[in-house]
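Just below is one structure, and these are the notes that go with it.
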Amino acid sequence: MDEFTVERKLGSGGQGATYSCIRKQDKRRLVVKQVLCSNIAEANYALKEGKAMQKLEHAGVVSYDDIFLDEKAEDGIRKLVVCIVMELCERGD
């Protein structure tokens, strides 16, 4: 997540959180969805699902820009985080 500046948290749920971010490289506003994974199998599943979504091209589907693996500490425990970078829909929810 070092390549992003987080603007604000958009929401959270049982699997993680979603943030409005600016990518430092090109100053583009994007959404980063962080999916918390408790093991490698969960991380691989989330990566596979993200890669499948990245291939979709349709006006009614949010485009996926990038997918990467990160880690974060939560309650003193390091967890794997699959980060899915997607377009920001200004008027969507």
For residues Met53 and Tyr45: do they belong to one hydrophobic cluster (side chain heavy atoms under 4.5 Å, members Ile, Leu, Val, Met, Phe, Trp, Tyr)?
no
For Lys9, enumerate each residue passing the side chain to side chain contact (heavy atoms under 4.5 Å, CB included) test, keeping only those at least two apart in sequence or located in another chain.
Ser12, Ala17, Tyr19
Same cluster for Ile84 and Val81 if Ile/Leu/Val/Met/Phe/Trp/Tyr side chains link at under 4.5 Å?
no
Atom CD in Gln54, atom OG in Ser63: separation rounded to 0.5 Å?
9.5 Å
Tell me which donor-acceptor pairs under 3.5 Å the side chains of residues 21-36 have, and how far apart each pair is, sequence neighbours excluded?
from, atom 1, to, atom 2, distance (Å)
Arg23, NE, Asp26, OD1, 3.1
Arg23, NE, Asp26, OD2, 3.3
Arg23, NH1, Asp65, OD2, 2.6
Arg23, NH2, Asp26, OD2, 3.0
Lys24, NZ, Asp2, O, 2.9
Asp26, OD1, Arg28, N, 3.1
Lys27, NZ, Lys24, O, 3.4
Arg28, NH1, Asp65, OD1, 3.2
Arg29, NE, Glu7, OE1, 3.0
Arg29, NH1, Glu90, OE2, 2.7
Arg29, NH2, Glu7, OE1, 3.0
Gln34, OE1, Lys72, NZ, 3.3

Between Ala46 and Cys37, the two heavy atoms sitting closest are CB-SG, 4.4 Å
Is the number of heavy atoms from other residues, nucleotides or ligands within 6.0 Å of CZ (Phe68) greater than 12?
yes
Between Glu42 (side chain only) and Ser38 (backbone N and O only), is there a donor and an acceptor less than 3.5 Å apart?
yes
Any Ile67 side-chain heavy atom under 4.5 Å of Leu47 side chain
yes
So, Asp70 side chain and Met1 main chain: donor-acceptor pair closer than 3.5 Å or not?
yes
For Glu87, enumerate each residue passing the salt bridge (charged side-chain N to carboxylate O under 4.0 Å, His left out) test, keeping only those at least two apart in sequence or located in another chain.
none
Step by step, would you call Cys89 with Val62 a side chain to side chain contact (heavy atoms under 4.5 Å, CB included)?
CA-CA 8 Å; Cys89 298; Val62 173; 3.7 Å; yes
Cluster overlap Met86 with Phe4, hydrophobic side-chain contacts below 4.5 Å:
no
If I compare all heavy atoms of Val82 with all of Ala43, which pair ends up nearest, and what's the gap?
CG2-O, 3.7 Å
Got a second to check how far Asn39's CG is from Lys79's NZ, nearest 0.5 Å?
10.5 Å
